[in-house]
Amino acid sequence: MASDDRLRNFRSLGKKIMAVGRNYRALAAEQGNPIPEKPIVFMKPTTSYITEGQSIKIPLGCKTLFFEVELGVIIGRRCSKVQEQEVDDYIGGYCLVLDMTAQDFQRGAKAKGHPWCLSKGFDTACPVSDFIPKEKVKNYSDIELWLKVNGLIKQKSSTSDMIFSFPQVISYISSYITLEEGDVIITGSPAGAGPVEPGEIIEAGLADIMNIKFPVIAQ
Ligand SMILES: O=C([O-])CC(=O)C(=O)O
Ligand SMILES: [Mg+2]
């Protein structure tokens with residue numbers, strides 16, 4: 001397993017951001033989507049990462065930018081076809097992530113059966129916290145995620161509302177795609193995802209372990 005010192009650098013170490021969508025029961029109910037039978041998997045490019053001190057920029061032509069707070073798992077060493085019961089051996093740490101989504105682009109793409117790449121992968125679409133050491137998250141199956149816009153609470157949930165657990169998600173993805181040291185898997189947004197406007201400030205947290213804050217600006 002990579003050392004915490006190496007994994008602190010996960011944003012340049014990892015080659016990909018794998019994402020799971022519609023993975024919380026209350027979100028599926030809120031959006032009127034059926035419970036998926038298998039994890040819905042997509043990718044965001046690592047060029048979409050930003051860190052605190054940088055701003056989320058509304059992509060060109062986007063009219064409805066949505067926030068989604070998510071818990072990210074950082075892969076600690078290369079793995080493929082991992083069994084669910086072995087997954088913990090490959091988790092190197094965690095990060096708190098905003099899966100920013102150009103919701104109008106995504107809606108158009110879904111209606112036509114087109115990919116979500118631009119709606120989820122534009123520059124600044126992946127604001128991320130610093131590295132969270134593995135031992136700080138005692139129970140990843142029941143930990144609180146929250147998000148505020150301009151101080152008002154918009155999302156507050158526990159990972160216990162997830163449809164597919166961390167072991168299921170990581171095992172499933174790794175049965176098709178090799179995961180590498182520093183890759184991040186973002187595990188889906190809880191209920192309450194919604195729009196943000198230029199000038200607003202997004203704050204999010206993982207229990208009392210990590211807080212992040214990002215302003216939203218026009219291009
Ligand atoms: O935006 C979506 O439709 C899916 C998604 O990323 C999530 O549920 O976290
Ligand atoms: Mg998401």
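Since this is a predicted model, take the numbers as computed values, not measurements. Atoms within each ligand, like the ligands themselves, are counted from 1 in listed order.
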In plain terms, say whether Glu144 and Lys156 are close enough for a salt bridge, that is, a side-chain N and a carboxylate O under 4.0 Å apart.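 Looking at Lys156 together with Glu144, the answer is yes, because their closest N to O distance falls below 4.0 Å.
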
Side-chain donor/acceptor of Ser174 to backbone N/O of Ser171, under 3.5 Å: yes

Donor-acceptor check, side chain of Ser48 to backbone of Ala125, threshold 3.5 angstrom: yes or no? no

Are there any protein N/O/S atoms under 2.8 Å from the Mg ion (ligand 2), and if so, which?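 Only Glu68 OE1, Glu70 OE2, Asp99 OD2 fall inside 2.8 Å of the Mg ion (ligand 2).
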
Heavy-atom pair with the smallest gap, counting every atom of Val73 and Thr187: CG2-CG2, 4.2 Å

Identify the heavy atoms of Leu96 and Ile132 that sit nearest to each other, and give their distance.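 Closest approach of Leu96 to Ile132: N-CD1, 4.1 Å.
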
Under the ring-ring contact (aromatic ring centres under 6.0 Å, His included) rule, what pairs show up with a residue in residues 132-169, not counting sequence neighbours?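 Sorted pair list: Tyr140-Phe166.
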
Where at least one partner belongs to residues 98-125, residue pairs that pass salt bridge (Lys or Arg N to Asp or Glu O under 4.0 Å), sequence neighbours excluded: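 Residue pairs passing salt bridge (Lys or Arg N to Asp or Glu O under 4.0 Å), neighbours aside: Lys44-Asp99, Glu68-Lys120, Asp99-Lys120.
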
Look at atom CD of Gln85 and say whether more than 12 heavy atoms of other residues, nucleotides or ligands are closer to it than 6.0 Å.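 Yes, because the 6.0 Å sphere around CD of Gln85 holds more than 12 heavy atoms from other groups.
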
So for atom CG, which belongs to Leu60, do other residues, nucleotides or ligands contribute more than 12 heavy atoms lying within a distance under 6.0 Å?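 Counting neighbours around CG of Leu60, 12 or fewer heavy atoms of other residues, nucleotides or ligands fall under 6.0 Å, so no.
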
Would you mind listing each N/O atom of ligand 1 next to any protein N/O under 3.5 Å, plus the distance?
from: ligand 1; atom 1: 1 (O); to: Glu68; atom 2: OE2; distance (Å): 2.8
from: ligand 1; atom 1: 1 (O); to: Gln106; atom 2: NE2; distance (Å): 3.2
from: ligand 1; atom 1: 1 (O); to: Lys120; atom 2: NZ; distance (Å): 2.6
from: ligand 1; atom 1: 3 (O); to: Gln106; atom 2: NE2; distance (Å): 3.0
from: ligand 1; atom 1: 6 (O); to: Glu68; atom 2: OE1; distance (Å): 2.9
from: ligand 1; atom 1: 6 (O); to: Asp99; atom 2: OD2; distance (Å): 2.9
from: ligand 1; atom 1: 6 (O); to: Lys120; atom 2: NZ; distance (Å): 2.7
from: ligand 1; atom 1: 8 (O); to: Arg22; atom 2: N; distance (Å): 2.7
from: ligand 1; atom 1: 9 (O); to: Glu68; atom 2: OE1; distance (Å): 3.0
from: ligand 1; atom 1: 9 (O); to: Glu70; atom 2: OE2; distance (Å): 2.9
from: ligand 1; atom 1: 9 (O); to: Ser189; atom 2: N; distance (Å): 2.9

